[in-house]
Amino acid sequence: MACIRKEVLIDASPEDVWAAVRDWGALHERLVPGFAVDTRLDGEDRIVTFGNGTVLRERLVDLDDESRRLAWAVVDGPYTPHNASAQVFAEGENGARFVWTADLLPNELAAGTGEAMEQGTNVVKQTLEAQAARTGRP
């Protein structure tokens, strides 16, 4: 099973980063606009349309405010399985560390998934740092 981990430091408060991460239904608006272009809720699932046209159904597994961790599973598509989590940690006085981890099969999908996660992580950083700059909150 492939395990992919991406992390990035974000010049924004961990509370603000977590608020965007935990907003399960607003992925395309608050966290990764352009990388994801639509998110539609269906019960505890979200159906995400990505900028490249891929559509995936993701099932909410856990949302833990205390540890600032969100976990989900892709329940359709090419993976057999795909389990992922995003977690936010305080970093320094006013920063955050965003960590995105995915475990997936088949292994042949790891390279493309890793590239997509790298792109997504970069969008998270850009989006949340721009928001922090607009609001004047680090």
**Q** Could you note down all residue pairs passing side-chain hydrogen bond (donor to acceptor under 3.5 Å, both in side chains) where residues 17-27 supplies at least one of them, sequence neighbours left out?
**A** Trp18-Asp65, Arg22-Asp65, Asp23-Arg30
**Q** Give the minimum heavy-atom separation between Ala36 and Leu27, together with the two atoms involved.
**A** CB-CD2, 4.1 Å
**Q** Are Met117 and Val61 linked, directly or through other ILVMFWY residues, by side chains that come within less than 4.5 angstrom of each other?
**A** no
**Q** Specify whether Trp72 and Trp100 have parallel, tilted or perpendicular ring planes, treating 30° as the upper limit for parallel and 60° as the lower limit for perpendicular.
**A** tilted
**Q** Check Gly114 against Ile4 and note the closest heavy-atom contact, atom names and distance.
**A** N-CD1, 3.7 Å
**Q** Just wondering, do Ile10 and Glu129 contact through their side chains at under 4.5 Å, heavy atoms?
**A** yes
**Q** Side chains of Val74 and Pro81: closer than 4.5 Å at any heavy-atom pair?
**A** no
**Q** According to salt bridge (charged side-chain N to carboxylate O under 4.0 Å, His left out), who are the partners of Arg57, at least two apart in sequence or on a separate chain?
**A** Asp42, Asp45
**Q** Apply the test side-chain contact (heavy atoms from CB on, under 4.5 Å) to residues Leu109 and Leu104: give CA-CA distance (whole Å), side-chain angles for both, the deciding distance (0.1 Å), then the verdict.
**A** CA-CA 8 Å; Leu109 297 178; Leu104 60 99; 4.2 Å; yes
**Q** Of all residues at least two apart in sequence or in a different chain, which pass the ring-ring contact (aromatic ring centres under 6.0 Å, His included) check with Phe89?
**A** none
**Q** For Arg68 and Pro14, work out which heavy atoms get closest and say how close.
**A** NH1-CB, 3.6 Å
**Q** With a 4.5 Å limit on heavy-atom distance, are the side chains of Cys3 and Asp103 in contact?
**A** yes
**Q** Could you give the distance from OG1 (Thr121) to CD (Gln126), rounded to the nearest 0.5 Å?
**A** 11.0 Å
**Q** Run through Val88, Asp16, Asp11, Leu31 and flag the one making a side chain to side chain contact (heavy atoms under 4.5 Å, CB included) with Leu128.
**A** Leu31
**Q** If we only count heavy atoms from C-beta on, is the Arg5 to Val99 side-chain gap below 4.5 Å?
**A** yes
**Q** For a side-chain contact (heavy atoms from CB on, under 4.5 Å) check, start with the C-alpha distance between Phe50 and Val32, then their side-chain angles and the critical distance, and finish with the verdict.
**A** CA-CA 10 Å; Phe50 293 91; Val32 287; over 6 Å; no
**Q** Check Ala12 against Val17 and note the closest heavy-atom contact, atom names and distance.
**A** CB-CG2, 3.9 Å
**Q** Return the minimal non-hydrogen interatomic distance between Pro33 and Thr127, and the atom names on each side.
**A** CD-OG1, 3.4 Å
**Q** Got a sec, which residues hit ring-ring contact (aromatic ring centres under 6.0 Å, His included) with His28, two or more places apart in sequence or on another chain?
**A** none
**Q** Hey, are the side chains of Leu70 and Leu60 touching, using non-hydrogen atoms and a 4.5 Å cut-off?
**A** yes
**Q** Listed by chain and number, what are the side-chain hydrogen bond (donor to acceptor under 3.5 Å, both in side chains) partners of Gln87, not counting sequence neighbours?
**A** none
**Q** State, to 0.1 Å, how close Leu56 and Pro78 come at their nearest heavy-atom pair, and which atoms those are.
**A** CD2-CD, 4.3 Å
**Q** Could you walk me through whether Phe98 and Lys125 satisfy the side-chain contact (heavy atoms from CB on, under 4.5 Å) test, starting with their C-alpha distance in whole Å, then the side-chain angles of each, then the deciding distance to 0.1 Å, before giving a yes or no?
**A** CA-CA 8 Å; Phe98 172 81; Lys125 178 178 176 65; over 6 Å; no
**Q** Are Leu41 and Val55 in one and the same hydrophobic cluster, where Ile, Leu, Val, Met, Phe, Trp and Tyr link if side-chain heavy atoms are under 4.5 Å apart?
**A** no
**Q** Under the side-chain contact (heavy atoms from CB on, under 4.5 Å) criterion, do Asp62 and Arg69 qualify, and how do the steps go?
**A** CA-CA 8 Å; Asp62 188 43; Arg69 181 177 178 270; 4.1 Å; yes
**Q** Do other residues, nucleotides or ligands put more than 12 heavy atoms under 6.0 Å from Glu44 CD?
**A** no
**Q** Quick check for you: to the nearest 0.5 Å, what is the distance between Glu58 atom CD and Asn83 atom CG?
**A** 11.5 Å
**Q** Kindly state each residue pair satisfying salt bridge (Lys or Arg N to Asp or Glu O under 4.0 Å) with at least one member in residues 105-117, sequence neighbours excluded.
**A** none
